[in-house]
Amino acid sequence: MTEMSNDEVAVRAAVDRWVVVLNAMLNGDPKPLEDLYSHADDVTYMGAEGTFQIGWDATCADWKAQAENSTGGQVEAAGVHVVVSGNLAAAQHYTRGQVRQPDGRINETNVRESSVFRKENGAWKMIAHHADGLPYWEKAFA
């Protein structure tokens with residue numbers, strides 16, 4: 001196995017922060033998202049529920065609305081794959097865990113996610129995120 005570059009290590013750390021941010025959002029706190037995401041006009045977010053936002057303001061508003069409607073949960077990333085080229089990096093992984101529904105039921109969640117990061121002022125910031133649900137996770141990956 002080849003040794004990871006400093007940038008690969010930093011992008012993997014950004015993916016780890018993403019999981020922390022996502023867990024905060026699931027528990028009603030969108031604030032950590034502001035530190036991870038770039039605030040540029042070219043950022044994008046395509047949510048598992050079908051949204052497509054362009055620009056920081058629209059992306060932030062979407063995540064804030066999700067946080068307001070969230071009732072709790074805990075997720076983790078699995079199978080993280082990172083590619084770094086210059087000041088851009090792509091990361092793909094599965095996210096799985098439990099999410100509390102408004103009626104109190106706990107549902108399993110299984111999502112595949114892709115994120116693009118850009119190095120801005122020495123820090124890796126998310127500039128694009130796409131997620132889609134895997135309703136047949138058990139059948140596909142059992």
Side-chain angles (χ1 to χ4, degrees), residues 1-103 105-141:
M1 182 173 181
T2 60
E3 195 170 315
M4 287 190 287
S5 71
N6 289 340
D7 282 332
E8 288 171 311
V9 170
V11 172
R12 285 184 176 272
V15 172
D16 290 343
R17 283 193 315 276
W18 165 247
V19 174
V20 171
V21 164
L22 188 54
N23 281 312
M25 191 279 306
L26 287 171
N27 289 286
D29 182 7
K31 188 76 173 145
L33 182 78
E34 295 180 20
D35 292 332
L36 180 63
Y37 242 101
S38 170
H39 292 204
D41 290 337
D42 64 349
V43 304
T44 60
Y45 168 57
M46 297 177 81
E49 68 285 344
T51 60
F52 182 25
Q53 306 299 344
I54 300 173
W56 167 245
D57 291 339
T59 296
C60 185
D62 191 310
W63 282 111
K64 284 182 178 180
Q66 287 185 60
E68 287 175 10
N69 293 318
S70 293
T71 55
Q74 185 71 29
V75 296
E76 61 185 27
V80 177
H81 177 73
V82 169
V83 176
V84 178
S85 181
N87 287 333
L88 291 176
Q92 292 83 29
H93 58 87
Y94 296 109
T95 299
R96 52 184 161 202
Q98 297 80 36
V99 176
R100 183 181 312 280
Q101 300 303 306
D103 66 3
R105 289 180 301 120
I106 304 291
N107 284 358
E108 294 294 316
T109 185
N110 298 296
V111 179
R112 61 183 178 176
E113 300 188 21
S114 294
S115 300
V116 178
F117 295 87
R118 177 171 53 214
K119 200 174 201 181
E120 297 180 355
N121 299 317
W124 287 98
K125 298 291 186 171
M126 186 177 283
I127 62 168
H129 183 73
H130 175 250
D132 59 8
L134 296 171
Y136 304 107
W137 178 274
E138 292 78 15
K139 291 179 185 174
F141 299 99

Inter-residue atom distance Thr59.OG1 - Leu33.CG, 0.5 Å rounding: 8.5 Å
Spacing of OG belonging to Ser115 relative to NE2 belonging to His93, to within rounding of 0.5 Å: 5.0 Å
Step-by-step side chain to side chain contact (heavy atoms under 4.5 Å, CB included) determination, Leu88 to Ile127: CA-CA 9 Å; Leu88 291 176; Ile127 62 168; 4.0 Å; yes
Heavy-atom pair with the smallest gap, counting every atom of [X] and [Y]:
| X | Y | result |
| --- | --- | --- |
| Gly28 | Ser70 | N-CB, 4.3 Å |
| Ala48 | Gly133 | CB-N, 4.0 Å |
| Val21 | Pro32 | CG2-O, 3.6 Å |
| Val19 | Glu76 | CG1-CA, 4.0 Å |
| Tyr37 | Met126 | CD2-O, 3.3 Å |

With Tyr45 via ring pair (Phe, Tyr, Trp, His ring centres under 6.0 Å) - residues at least two apart: Trp63
Contacts of His39 that satisfy ring pair (Phe, Tyr, Trp, His ring centres under 6.0 Å) - sequence neighbours left out: Trp56
May I ask you to test the [X]-[Y] pair for a side-chain heavy-atom distance under 4.5 Å?
| X | Y | result |
| --- | --- | --- |
| Val82 | Met4 | no |
| Glu34 | Lys64 | yes |
| Trp124 | Val15 | no |
| Gln98 | Glu108 | yes |

Holding to salt bridge (charged side-chain N to carboxylate O under 4.0 Å, His left out), I want the full list of residues that pass it with [X], two or more places apart in sequence or in another chain.
| X | value |
| --- | --- |
| Asp7 | Lys119 |
| Asp29 | none |
| Asp42 | Arg118 |

Atom CG of Asn121 with >12 non-hydrogen neighbours under 6.0 angstrom: no
CG (Asn107) with more than 12 external heavy atoms under 6.0 Å: yes
Do [X] side-chain atoms and [Y] backbone N/O form a donor-acceptor pair below 3.5 Å?
| X | Y | answer |
| --- | --- | --- |
| Thr71 | Arg100 | yes |
| Lys125 | Asp35 | yes |
| Asp132 | Glu113 | no |

Which residues share a side chain to side chain contact (heavy atoms under 4.5 Å, CB included) with Val75, sequence neighbours left out: Leu22, Asn23, Leu26, Thr95, Thr109
Verdict with reasoning, Asp62 to Phe52, per side chain to side chain contact (heavy atoms under 4.5 Å, CB included): CA-CA 9 Å; Asp62 191 310; Phe52 182 25; over 6 Å; no
